[in-house]
Amino acid sequence: MRKVAPRTKKLADGLKFLGDLKNSRYDLKEAVSLLNESLALYQLLGVKQLQDIYDLLGDALTSSGNTVEGLSYQLKALKTAEMFKDTSQMISTIYYRLAFTYNSINQDNRTAEYMEKASYYALKNRNNNDWIMISGSLGTIYNKLGRYREAVKTCEEALIKCPTTDYQNQTNLITNLLFAATATKKLDKASGYYNRLKQLTDAHNIELSPTDAAMIEYLIAMKQFPEAELQVEKFIKYAAVTQSLISKQKIEHYQFQVDSARETSFRQSVTRKTHIYCGIQCCPVIITSRLAGCK
């Protein structure tokens with residue numbers, strides 16, 4: 001294509017398409033190279049509305065670990081889109097990817113801010129599938145911030161509109177609802193969400209670390225320690241496949257939580273039994289003393 005259509009918009013478009021394809025397949029080095037070449041050609045041709053190529057390049061760079069440079073391109077994409085008053089689905093995608101970048105550097109409030117904007121524009125553009133997916137991510141960050149009421153409202157609304165065959169998004173949404181119900185001690189509701197998740201994940205072989213985590217939290221809250229240990233073992237298998245350092249750190253955290261909760265529960269049980277035992281034993285002593293005094 002470089003020889004057939006050199007220095008043309010057609011070539012720039014083709015390079016952008018190939019770069020996006022490579023990015024989706026995690027061939028990130030090649031993706032960055034192609035997208036940089038495409039951007040340079042667009043700029044040479046005097047193209048001004050570059051928000052899509054900025055966004056793609058920013059996403060490829062952040063995915064490859066170059067967060068600072070990637071974020072700078074994502075912010076250029078946002079600035080360009082706002083300058084040209086772009087209200088298409090492109091602006092929703094820009095906000096969504098920006099939210100993920102800020103989430104990766106633990107800027108939770110900014111993550112929520114951009115995720116809310118991504119949700120707004122997806123809904124405005126009647127892109128129901130993207131809106132449902134974004135709602136799951138928004139529910140997750142609301143839970144992380146302790147904004148449980150907003151998490152529940154967001155996920156319940158999306159779950160109503162989620163297709164019955166969209167098992168992945170259903171799982172994400174119900175996971176957030178389970179987490180919020182457990183965190184706010186609404187264990188009756190949590191039990192319902194837990195059962196729905198079990199049915200979904202078992203029937204459709206869905207493996208998600210946040211789902212495992214929410215289930216473990218619930219089982220610990222319900223003092224179902226053998227079941228919690230089984231769920232931790234399932235989490236261990238998932239982490240081994242994905243080689244996720246974050247998942248491995250969470251496993252250690254949950255193993256400690258299960259052991260600590262089990263020990264606390266055991267101590268409380270022993271303390272209650274000791275109190276009961278002492279109560280039974282004291283009564284005959286008092287009665288005997290009184291009888292002795294009457295003699």
Side-chain angles (χ1 to χ4, degrees), residues 87 89 91-100 102-103 106-222 224 227-228 231 234-235 238 250 254:
T87 58
Q89 187 55 28
I91 190 72
S92 177
T93 302
I94 291 169
Y95 279 126
Y96 187 66
R97 285 177 172 160
L98 261 171
F100 262 88
Y102 280 118
N103 184 59
N106 296 314
Q107 293 199 22
D108 297 335
N109 287 307
R110 191 160 285 185
T111 300
E113 176 191 345
Y114 285 128
M115 200 70 77
E116 286 166 349
K117 289 178 178 178
S119 175
Y120 169 80
Y121 281 106
L123 200 58
K124 185 176 180 180
N125 285 291
R126 298 180 182 178
N127 192 326
N128 197 53
N129 291 335
D130 278 7
W131 174 73
I132 290 167
M133 178 191 67
I134 293 165
S135 295
S137 299
L138 186 53
T140 300
I141 193 64
Y142 279 154
N143 276 334
K144 190 178 179 185
L145 288 165
R147 293 162 62 177
Y148 301 118
R149 191 173 295 178
E150 290 165 278
V152 169
K153 183 177 183 293
T154 298
C155 292
E156 281 183 343
E157 287 176 355
L159 194 57
I160 290 167
K161 295 184 179 180
C162 188
T164 55
T165 54
D166 188 350
Y167 307 121
Q168 189 85 9
N169 278 318
Q170 280 185 62
T171 301
N172 285 335
L173 295 165
I174 298 169
T175 293
N176 286 324
L177 291 168
L178 173 59
F179 188 92
T182 303
T184 54
K185 311 295 184 188
K186 295 177 181 176
L187 297 181
D188 285 343
K189 279 192 172 183
S191 294
Y193 295 135
Y194 174 80
N195 291 331
R196 288 176 72 181
L197 270 182
K198 280 289 290 178
Q199 289 174 358
L200 268 172
T201 54
D202 291 349
H204 304 290
N205 197 28
I206 297 170
E207 289 284 349
L208 292 170
S209 63
T211 302
D212 286 330
M215 285 179 158
I216 294 165
E217 295 272 4
Y218 165 76
L219 291 167
I220 291 171
M222 297 297 288
Q224 295 179 20
E227 292 86 348
Q231 198 66 45
K234 187 178 176 184
F235 202 168
Y238 171 85
K250 283 184 178 179
Y254 284 124

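Below, each value reflects all heavy atoms present in this structure, side chains not excepted, and no hydrogens, waters or symmetry copies.
Side-chain contact between Y194 and M215 is present, with heavy atoms from C-beta onward closer than 4.5 Å. Two residues are said to be in side-chain contact when any heavy atoms from C-beta on lie closer than 4.5 Å; K153 and Y142 fail this criterion. F100 has its side chain within reach of S137: a pair of non-hydrogen atoms, C-beta onward, lies under 4.5 Å apart. Contact of the R147 side chain with the T154 side chain is not registered, since no non-hydrogen atoms from C-beta on lie closer than 4.5 Å. Between T211 and I206, every side-chain heavy-atom pair lies at or beyond the 4.5 Å cut-off.
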Determine, stepwise, if the pair Y95 / M115 fulfils side-chain contact (heavy atoms from CB on, under 4.5 Å).
-> CA-CA 6 Å; Y95 279 126; M115 200 70 77; over 6 Å; no

Step-by-step salt bridge (Lys or Arg N to Asp or Glu O under 4.0 Å) determination, E113 to K117 = CA-CA 7 Å; E113 176 191 345; K117 289 178 178 178; 3.6 Å; yes

Take L173 and I132 through the test side-chain contact (heavy atoms from CB on, under 4.5 Å) and record every step on the way to the result.
-> CA-CA 9 Å; L173 295 165; I132 290 167; 4.1 Å; yes

Would you please test R196 and L159 for side-chain contact (heavy atoms from CB on, under 4.5 Å) and show each step?
-> CA-CA 12 Å; R196 288 176 72 181; L159 194 57; 3.7 Å; yes

Could you walk me through whether N106 and K144 pass side-chain contact (heavy atoms from CB on, under 4.5 Å), step by step?
-> CA-CA 11 Å; N106 296 314; K144 190 178 179 185; 3.8 Å; yes

Can you list the steps and then say if Y218 with S191 is a side-chain hydrogen bond (donor to acceptor under 3.5 Å, both in side chains)?
-> CA-CA 8 Å; Y218 165 76; S191 294; 2.8 Å; yes

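The distance from the OG1 atom of T201 to the CG atom of D212 is 8.0 Å, given to the nearest 0.5 Å. For the atom pair OG1 of T87 and NZ of K124, the computed distance is 5.0 Å after rounding to the nearest 0.5 Å. The distance from the NZ atom of K198 to the CD atom of E227 is 9.0 Å, given to the nearest 0.5 Å. T171 OG1 to L200 CG: the interatomic distance, rounded to the nearest 0.5 Å, is 4.5 Å. To the nearest 0.5 Å, atoms NE2 (H204) and CD (Q199) are separated by 9.5 Å. Distance OH/Y114 to CG/L98: 6.0 Å, rounded to 0.5 Å.
Within a 6.0 Å sphere centred on NZ of K189, heavy atoms belonging to other residues, nucleotides or ligands number 12 at most. The neighbour count for D188 CG, taken as heavy atoms of other residues, nucleotides or ligands under 6.0 Å away, does not exceed 12.
Across every non-hydrogen atom of N176 and G136, the tightest pair is ND2-O, 2.8 Å. The minimum heavy-atom distance linking L178 with A190 is given by the pair CD1-O, 3.3 Å. Among all heavy-atom pairs drawn from A180 and V152, the shortest one is CB-CG2, 3.7 Å. I134 approaches A122 most closely through the heavy-atom pair CD1-CB, 4.0 Å. Shortest non-hydrogen contact noted between A151 and G139 is CB-O, 3.7 Å. Listed here is the closest heavy atom pair of A221 and L187: CB-CD2, 4.2 Å.
Side-chain atoms of N103 do not come within 3.5 Å of backbone N or O of T111 as any donor-acceptor pair. The backbone N or O of P163 sits nowhere less than 3.5 Å from a side-chain atom of N169 that would complete a donor-acceptor pair.
Under the 30°/60° scheme for interplanar angles, the aromatic rings of F179 and Y148 are found to be tilted.
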